[in-house]
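First listed ligand is number 1; within each ligand, the first listed atom is number 1. Predicted model, so just to flag it, every value in this text is computed and none were measured.
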Amino acid sequence: MMQIALAGNPNTGKSSLFNILTGSYEYVGNWTGVTIEKKVGLLKNKQGYLIDLPGIYSVNPLSKDEGVTANFLLHESFNLILNVVDASQLERNLNLSIQLLEFGKPMVIGLNMVDVASQQGMNIDINKLGSLLGVPVSPVVARTGKGVEELLHRVMGEDSEPAFPFKIDYGYKIEDAIDVLGHKLPEGLEANKRWLAIQFFEGNEVVQAYLEKYVDKDWLQDLYRKTEQGSAQKTGIQLLPQAIRQRRAEVIAGILDQAVTRTKTSELTFSDRIDRIVTNKFLGIPIFLFFMFLTFRLTFEWLGNPLSDLLDGFISGPLTDWTTAFLDQVNATAFIRACILDGIIAGVGGVIVFVPQIFILFLIISFVEDSGYMARIATVMDKLMEGIGLNGKAFIPMIIGFGCNVPGVMAARSIERPNERLLTILLTPLMSCSARLPVYVLFAGAFFAGQQSLVIFSLYLLGIVVALVLAKVFSSTILKQEGGSMFVVELPPYRIPQWQTLGRSTWEKGKGFLRKAGTFIFAGSILIWLLSYTGPGGIDVPMDDSFLAMIGGVIAPLFHPLGFGTWQSGASLITGFAAKEVVVSTMTIIYSVSDSGLGGVLMGHFTALQALSFMSFILLYIPCMATVGIIRKEVNSVKWTWFSVLYPLATAYLISLVIYQGGKLLGLG
Ligand code: GDP
Ligand code: MG
C-alpha cells in the first residue's frame with residue numbers, strides 16, 4: 001500500500017486536505033502549531049495511507065515539532081511526498097518545497113489556497129511552475145474540496161522519481177564539499193546523499209547526528225569549517241547556512257519571476273486593514289480584553305445561563321420525578337434510592353447543567369482559532385510576554401488552556417527554546433479551564449448576581465496576571481534564558497470560519513466533558529456519596545459524622561485563615577484534584593440540594609468574601625490529575641512535575657489569604 005507523507009508550512013491547509021482525502025476529522029485551526037504530532041489516515045479510495053506531518057518552514061528543525069519531519073524523512077519509509085503549498089505565500093513556501101525536492105523522492109505539489117491567491121491578484125502559471133520544479137503541481141482549494149479529485153489522481157499515478165531531479169547549483173566550493181561528503185558515505189543509505197550533505201551544511205542537527213553514525217565527527221567538523229571558509233571567500237557570506245539559504249532565495253525569486261504575474265499591485269488587503277486596528281500598539285490589548293469580556297457576557301448572561309436553567313429545571317424536575325416513580329415501581333431499597341437520587345443524579349446532574357455554558361465557550365474558542373484572531377492575540381501579547389522572558393507564541397497554549405489544560409500543555413511543543421517551553425508548560429495550568437467554570441458559575445451566580453460575568457472575567461484575568469508575574473519570577477531565577485527569543489508567528493489572513501468546521505471542533509472539545517461526566521464524574525459521585533452516607537457509626541449516618549466529613553476535616557483547619565475552613569470545602573478540594581468539576585458534584589451531594597437550589601444553600605454557608613477567596617483558590621490551587629499526567633509526560637522529569645503541583649498550591653494559598661484577610665480589613669466580610 002502506498003505511504004504518502006503530507007508536508008508543508010504551518011497553516012497551509014494540510015489538515016483540511018488530510019480530512020478531505022481520508023474522510024476523517026482532524027483539528028483544523030487558523031494558526032501555527034495546530035498539528036504537533038504526525039497523524040496517519042487511510043485514503044478514502046483505500047489505496048494508501050496519508051501521514052500528516054506537523055507544519056514546518058524548513059526541514060532544519062528549530063523546535064521539537066519541526067524535528068518530527070526531519071526524523072520522519074530519515075527513518076521512515078514512504079513512497080511519495082505530497083507537499084501542500086499556500087499559493088498566496090509562494091515565496092516562503094517554496095523554501096520548504098525545494099528542500100523536499102532535494103530529498104529526491106517522488107513528489108506532488110498540492111497548490112492550495114488558489115482562491116486566496118487569485119483574490120490577491122496573483123496569476124500563477126501552473127504548468128510553468130510544474131516544469132520549473134520538475135514535479136506535478138495540482139491546484140486545489142482544500143477548504144471546499146475543489147480540485148481534490150485531480151490531486152488524488154495525480155498522487156496515485158506518481159510513483160517514479162522525478163525525471164529531471166531538481167537541483168540547485170550552490171557554487172563550486174559547496175558543490176565540491178557535497179561530493180566529498182557523498183563519497184565518504186557508505187552505499188545503500190535510505191536517504192539521498194546530496195540532500196544529507198546540503199542539510200548538514202545548513203546546520204540541520206538531526207541530519208548531523210545521522211551522519212555521525214557513518215562518518216567521524218571531527219572529520220565532519222573539519223569539512224564544515226573548510227567549506228564555510230571557502231564559500232565565504234567566494235561569496236562574502238560568512239556563515240555557511242546563510243550562504244545556502246541565500247542561493248535558494250535567488251532561485252526562488254527566479255522561479256516566481258517566470259511563473260507568477262500580478263494583475264493588481266499589492267494594496268492593503270482586508271486583513272491588513274483589520275490588523276491595523278486589532279494589533280495596534282495601544283489598542284491591541286484593550287480590544288482583546290473587551291473581546292474576552294463579551295465572551296463571558298455571551299457565555300453566561302446572554303445565552304448560557306438561560307439554557308442552563310432550562311436544563312437544571314429538567315433534571316431537578318421531570319427527570320428526578322420519573323426516576324423516583326421508577327424506583328417506587330421496582331421497590332428499590334432505601335440504599336439504592338439514595339445512591340441514585342442523592343449520589344448520581346445530584347453529582348452528575350450538578351455538572352451536566354453547565355453543558356450550555358461550556359459548549360458556548362468552546363464555540364467561541366473555536367471561532368478565535370479558525371478566524372485567524374488567535375495569531376493576532378499572540379502578536380499583541382508578544383511585547384508584554386517578551387518583558388517576562390517568554391514570547392507571544394507562549395500565549396497560544398495558554399488560550400487553548402482556557403478550554404482544557406491538557407491540550408494547552410501539549411501545544412507548548414511548538415515553542416522552540418527548552419526553557420521557554422518548560423515555563424509555558426508550568427504556567428498553562430493557571431489558565432482557567434472549562435472544568436473550573438461550573439464552580440464560578442455556581443458561586444458567582446449565588447453571591448454576585450448581576451455582576452456574574454464581571455466576577456468570572458476577573459477570575460480569568462487573575463489567572464493570566466498570576467501566570468505573567470510568575471513567568472517573570474521564574475525566568476529571572478530558576479529558568480534563566482540567554483539572549484532574546486525569536487517570535488515567528490505569522491499572521492494568516494482572516495477567514496470567516498465554516499459552520500461545519502466550527503461545529504466539529506466545538507464538539508471535539510466538548511465531547512471530552514460529556515465523556516468525563518458519563519464515566520469519571522459518574523463513578524466519583526457514587527464514591528463521594530458513599531463516603532458521605534457511611535461513617536464509623538455505620539450507614540445512613542448524619543453527614544457530619546461520615547467518612548467524607550472526617551477526610552475533609554483533616555485538612556480543613558489549614559484553610560481557616562482563607563475563610564473556608566469547613567470539612568465540606570476540604571472534601572471538595574481533595575476530590576477536585578481528580579477533576580475540577582467534581583468540586584461541584586461534591587458540593588451538590590454534601591449540601592443535598594433542596595428547593596432553594598445549591599446556590600441558595602451555599603449562601604447559608606459562605607459569605608461573599610469567603611466565596612471569592614474560595615473561587616480564587618479553586619482557580620489556582622493545583623492542576624487536575626489529567627494535567628499533571630500530561631505534564632509528567634511532556635517535561636519528562638519528576639522534579640518539574642512536583643514543582644508544577646506545589647508552586648500553584650503555595651500561590652493559591654497566598655492569594656486567597658490576601659483576598660480574605662485583606663477583605664476583612666476593609667470590612668467586606
Ligand atoms: P494546517 O495548519 O496546514 O494543517 O492548516 P489547516 O488545515 O488547519 O488550515 C488552516 C486554515 O486555512 C483553516 O482556517 C482552513 O479553513 C483554511 N484553509 C485551508 N485550505 C484553504 C483554501 O484552499 N482556501 C481558503 N480560503 N482557506 C483554506
Ligand atoms: Mg494541521
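Interface atoms of ligand 1 facing Ser15, defined by a heavy-atom separation under 4.0 Å, are 1 (P), 4 (O), 7 (O). Remark: ligand 1 atoms within the under-4.0 Å shell around heavy atoms of Val141 are 22 (C), 23 (O), 24 (N). Atoms of ligand 1 found under 4.0 Å from any heavy atom of Asp115 (numbered from 1 in listed order, with element): 22 (C), 23 (O), 24 (N), 25 (C), 26 (N). Close approach of ligand 1 to Asp370 is summarised as follows: ligand atoms under 4.0 Å from at least one heavy atom of the residue are 13 (C), 14 (O). Proximity to Ala142 (heavy-atom distance under 4.0 Å) selects the following atoms of ligand 1: 20 (N), 22 (C), 23 (O).
Residue Val116 has no N or O atom closer than 3.5 Å to an N or O atom of ligand 1.
Across Arg495, Lys146, Lys14, Gln119, heavy-atom proximity to atom 27 (N) of ligand 1 is greatest for Arg495. For atom 20 (N) of ligand 1, the nearest non-hydrogen atom from the set Thr501, Ile20, Asn19, Asn112 belongs to Asn112. Between the choices Val140, Asn11, Asp52, the shortest heavy-atom distance to atom 10 (C) of ligand 1 belongs to Asn11.
Between Gln199 and Phe103 there is no side-chain heavy-atom pair separated by less than 4.5 Å.
Side chains of Asn112 and Thr12: no donor on one and acceptor on the other come within 3.5 Å. If you check the side chains of Asn93 and Asn9, you find a donor sitting under 3.5 Å from an acceptor.
Not counting sequence neighbours, Asp115 has no partner by the salt bridge (Lys or Arg N to Asp or Glu O under 4.0 Å) test.
Under the side chain to side chain contact (heavy atoms under 4.5 Å, CB included) rule, Phe359 has a single partner from Leu514, Ile364, Leu307, which is Leu514.
Counting only residues at least two apart or in different chains, side-chain hydrogen bond (donor to acceptor under 3.5 Å, both in side chains) contacts with residues 284-300 comprise Arg297-Glu301, Arg297-Ser453.
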Check your understanding: Taking it one step at a time, do Leu422 and Val635 satisfy side-chain contact (heavy atoms from CB on, under 4.5 Å)?
Key -> CA-CA 7 Å; Leu422 178 58; Val635 304; 3.5 Å; yes
